[in-house]
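Note that the structure is a prediction, hence the values are computed from the model and not measured. Indexing begins at 1, ligand by ligand and atom by atom, following the structure's order. Throughout, residue positions are numbered sequentially from 1 according to the sequence presented.
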Amino acid sequence: MTARIIDGKAIAAALRETIATRIAAQPYRPGLAVILVGEDAASTVYVRNKDRAAKAAGLNASTIRLPAETSQASLLATIQSLNDDPDIDGILVQLPLPPHIATDAIIRAIDPAKDVDGFHPDNVAALALGAPSLVPCTPSGVMHLLHAAGTNISGARAVVLGRSNIVGRPMAALLLAADATTTIAHSRTANLPDECRRADILIAAVGRANMVTADWINPGATIIDVGINRTPDGTLTGDVDFAAALPTAGAITPVPGGVGPMTIACLLDNTLLAAGRRRGSKAGGSSSGAIPAMKSIAGTFGSSAPEPR
Ligand SMILES: Nc1nc(=O)c2c([nH]1)NC[C@@H]1CN(c3ccc(C(=O)N[C@@H](CCC(=O)O)C(=O)O)cc3)C=[N+]21
């Protein structure tokens, strides 16, 4: 048997189309502001891709580029002005920030209603309580991929490899909400390969190139590879040894072309959701957005965008 390849690029493109259609049906243009502090090479590429995708979908997107020496106070002032700007529905501060800035304080300063990354403690708490509001984009994208791949989540054993605040923890919360029997495995987990081999759904989010090898994989499992590692020769590779996993897995995402494009599509979706709520679109609130991510199992898992009115 050989694994089905889950085409994140195509699935993300379809989601962006749906989002663009919903945006076109709104009486306003949702506004997204992305803040980039400094010139980290990878961040610069990601921010450019986000900006391009946001504009193509019809969002009113802008990127605010600040010098690496920007003070924390000045960044906080920029966030405050975006919080106060009625045309801005979504604010994303690209991470990582330079070391002199306390990331925590920055995330807390973002209006939770505009926190399209879903990193603010209010949004983290909502997800932990099983009543998600704005959900982090990468885990949300993974839920979309599982749905698109036709993977059964309810009652399945899911193992999340990695416990970061931006992927592992929210990922586990979403899987749990979707009724998976969910384990978070990490660097201190005893017998990591054994733990992973029990997984019907394995989400790799550790940031170590090719760490997951063929013998870690439960035959037929769905493998979602969140890792993006640049090898010394400049190529991108995931946390999973893709070629080795292919004969054993049931379905698997490639890197690139798997989770990455979904992260961006979900950012657009969150912005549309935030705009619908802020601007009082009837269908903006609870029925749309990442919330279907949690209901995906039961029914449709479409764009979280508000319905046209
Ligand atoms: N506040 C914040 N929110 C984020 O969501 C955030 C962030 N900071 N900092 C960095 C990470 C990383 N991230 C990616 C988005 C898209 C791709 C993506 O589209 N990747 C393409 C390939 C891109 C390439 O060729 O380099 C792919 O996997 O096919 C990757 C990574 C968002 N992040």
- request: Have a look at Leu236, Thr253, Thr138 and point out the one with the heavy atom closest to atom 23 (C) of ligand 1.
  value: Leu236
query: Taking heavy atoms and a distance under 4.0 Å, where does Leu92 meet ligand 1: side chain, backbone, both or neither?
result: side chain
- prompt: Between OG1 of Thr63 and CG of Asp51, what distance do you get to the nearest 0.5 Å?
  reply: 3.5 Å
message: What I want to find out is whether Asp87 reaches Arg29 closely enough, with some N-O distance under 4.0 Å, to be called a salt bridge.
response: no
statement: The protein heavy atom nearest to atom 12 (C) of ligand 1 is Tyr46 CE1, 3.6 Å
- prompt: Is there a donor-acceptor contact under 3.5 Å from the side chain of Asp269 to the main chain of Ile19?
  reply: no
- prompt: Which atoms of ligand 1 have any heavy atom of Val93 under 4.0 Å away?
  reply: 1 (N), 2 (C)
- prompt: How many angstroms lie between atom CD1 of Ile228 and atom OG1 of Thr237, to the nearest 0.5 angstrom?
  reply: 11.0 Å
task: Report yes if the side chains of Pro121 and Arg108 come closer than 4.5 Å at any heavy-atom pair, otherwise no.
output: yes
- prompt: In terms of side-chain geometry, is the basic nitrogen of Arg278 or Asp89 positioned less than 4.0 Å from the acidic oxygen of its partner?
  reply: yes
- line: Check: of Pro261, Gly118, Ala41, Ala53, min heavy-atom distance to atom 21 (C) of ligand 1 comes from Pro261
- request: May I ask you to decide whether Asp194 forms a salt bridge with Arg198, counting only side-chain N to carboxylate O separations under 4.0 Å?
  value: no
Enumerated ligand 1 atoms positioned under 4.0 Å from heavy atoms of Ile264: 16 (C), 19 (O)
- request: Run the numbers for me: atoms of ligand 1, each under 4.0 Å from some heavy atom of Gln94, listed by number.
  value: 1 (N), 7 (C), 8 (N), 9 (N), 10 (C)
- line: The closest protein heavy-atom partner of atom 16 (C) of ligand 1 is Gly260 O, 3.4 Å
query: Counting heavy atoms only, which of Thr103, Leu95, Val34 comes nearest to atom 9 (N) of ligand 1?
result: Leu95
message: Whether the Thr235 and Thr231 side chains hold a donor-acceptor pair (N or O, under 3.5 Å, no angle test) is what I'd like checked.
response: yes
field: Shortest non-hydrogen contact from Met211 toward Leu192
entry: CE-CD2, 3.7 Å
message: Quick check: Asp117 and ligand 1, any N/O pair under 3.5 Å apart?
response: yes
task: Check whether any N or O atom of Gly257, backbone or side chain, sits under 3.5 Å from an N or O atom of ligand 1, and answer yes or no.
output: yes
- prompt: Using a heavy-atom cut-off of under 4.0 Å, does the side chain or the backbone of Lys9 touch ligand 1, or both, or neither?
  reply: neither
- prompt: Quick check: are there more than 12 heavy atoms from other residues, nucleotides or ligands sitting under 6.0 Å from NZ of Lys9?
  reply: no
query: Side chain or backbone of Arg230 under 4.0 Å from ligand 1, or both, or neither, by non-hydrogen atoms?
result: side chain
- prompt: Purely on distance, is any nitrogen or oxygen of Pro256 under 3.5 Å from one on ligand 1?
  reply: no
query: What residue and atom, counting heavy atoms only, is the protein's closest point to atom 33 (N) of ligand 1, and at what distance?
result: Lys50 NZ, 4.1 Å
task: May I ask you to check whether Ile228 has an N/O atom sitting below 3.5 Å from an N/O atom of ligand 1?
output: no
